[in-house]
Amino acid sequence: MLIPVNRKSLLTFYFTLVRPCFILAQNNMSTGNCGSEADKYSIAYVTVPNMDVGKTLGRGLVQNKLAACVNIIPQVTSIYEWKGELNEDSELLLMIKTRTSVVDKLTEYVRSNHPYEVCEVISVPIKNGNPPYLKWIGEQVQDKC
């Protein structure tokens, strides 16, 4: 049985059903990065109160193969509200290069070894980069898929 379809109906069908399903399928394929090159590597950011904590966390992350490299960026001023009070603190920022598939384990490690009650651990995928450097990250941090 043939159903007459006009252009408007076809476009409506595409944009309301087909395209969203296609986008969802693409996102699901890249989650965890098993079998996908997109977003295979990430940068995680963690603030710390001082250099000693930064070095301890950084060394532990690299030694435990949760990070390929940790940069410690000094002199970060953080302004935030905590428990109803406005705070302004001098901190350092860890910029951690890793595989996206280990970010959850990296977060667990930081939470277990960080002095803050609620520590910052946020990550963003690396969309582009120097291929040999990205390959090196992959050699240092094994895929957990």
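For the single chain, residues carry numbers from 1 onward in sequence order. Values reported hereafter were calculated over all heavy atoms of this structure, with side chains retained and with hydrogens, waters and symmetry mates removed.
Residues in residues 44-61 take part in these side chain to side chain donor-acceptor pair (under 3.5 Å) pairs, two or more places apart or across chains: Thr47-Glu120. Here ring pair (Phe, Tyr, Trp, His ring centres under 6.0 Å) pairs that include residues 56-91, with residues two or more places apart or in two chains, number zero.
The minimum heavy-atom distance linking Ile72 with Met51 is given by the pair CG2-SD, 3.7 Å. A pairwise comparison of heavy atoms in Pro115 and Val53 identifies CD-CG1, 3.7 Å as the closest pair. The two residues Val103 and Ser123 come nearest to each other via the heavy atoms CG1-OG, 3.7 Å. Counting all heavy atoms, side chain and backbone alike, Leu106 lies closest to Ala44 at CD2-CB, 4.1 Å. The two residues Leu134 and Asn128 make their nearest non-hydrogen contact at CD1-C, 4.5 Å. What you find for Pro125 and Ser42 is that their closest heavy atoms are CA-OG, 3.7 Å.
Residue-environment remark: CD (Gln75) stays at or below the threshold of 12 foreign heavy atoms within 6.0 Å.
Rounding to the nearest 0.5 angstrom, the gap separating the CD1 atom in Ile43 from the SG atom in Cys69 is 10.0 Å. Summarising the geometry, atom NZ belonging to Lys135 is positioned 9.5 Å from atom OH belonging to Tyr41; distances are rounded to the nearest 0.5 Å. Rounding to the nearest 0.5 angstrom, the gap separating the OG1 atom in Thr98 from the CD1 atom in Ile126 is 9.0 Å. Within the model, atoms CD1 of Ile137 and CD1 of Ile96 stand 12.0 Å from one another, a figure rounded to the nearest 0.5 Å. Rounding to the nearest 0.5 angstrom, the gap separating the CG atom in Asn113 from the CG atom in Asn64 is 8.5 Å. Taken from CD in Glu88 to OG in Ser78, the straight-line distance is 9.0 Å, to the nearest 0.5 Å.
A single hydrophobic cluster is not seen to contain both Met95 and Val48; linkage of ILVMFWY side chains at heavy-atom distances under 4.5 Å, directly or through other members, places them apart. Each of Tyr116 and Leu61 belongs to its own hydrophobic cluster when Ile, Leu, Val, Met, Phe, Trp and Tyr are linked at side-chain heavy-atom distances under 4.5 angstrom.
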Practice task
May I have the step-by-step check of side-chain hydrogen bond (donor to acceptor under 3.5 Å, both in side chains) for Thr100 and Asp39, ending in yes or no?
Solution key: CA-CA 7 Å; Thr100 303; Asp39 305 330; over 6 Å; no

Handout entry: Pair Val70-Leu57, side chain to side chain contact (heavy atoms under 4.5 Å, CB included): steps then yes or no
Key = CA-CA 9 Å; Val70 178; Leu57 282 173; over 6 Å; no

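Not a single donor-acceptor pair under 3.5 Å links the side chain of Arg99 to the backbone N or O of Lys40. Not a single donor-acceptor pair under 3.5 Å links the side chain of Asp89 to the backbone N or O of Asn87.
Screening Val46, Val121, Val110 for a side-chain contact (heavy atoms from CB on, under 4.5 Å) involving Leu94 leaves a single residue, Val46.
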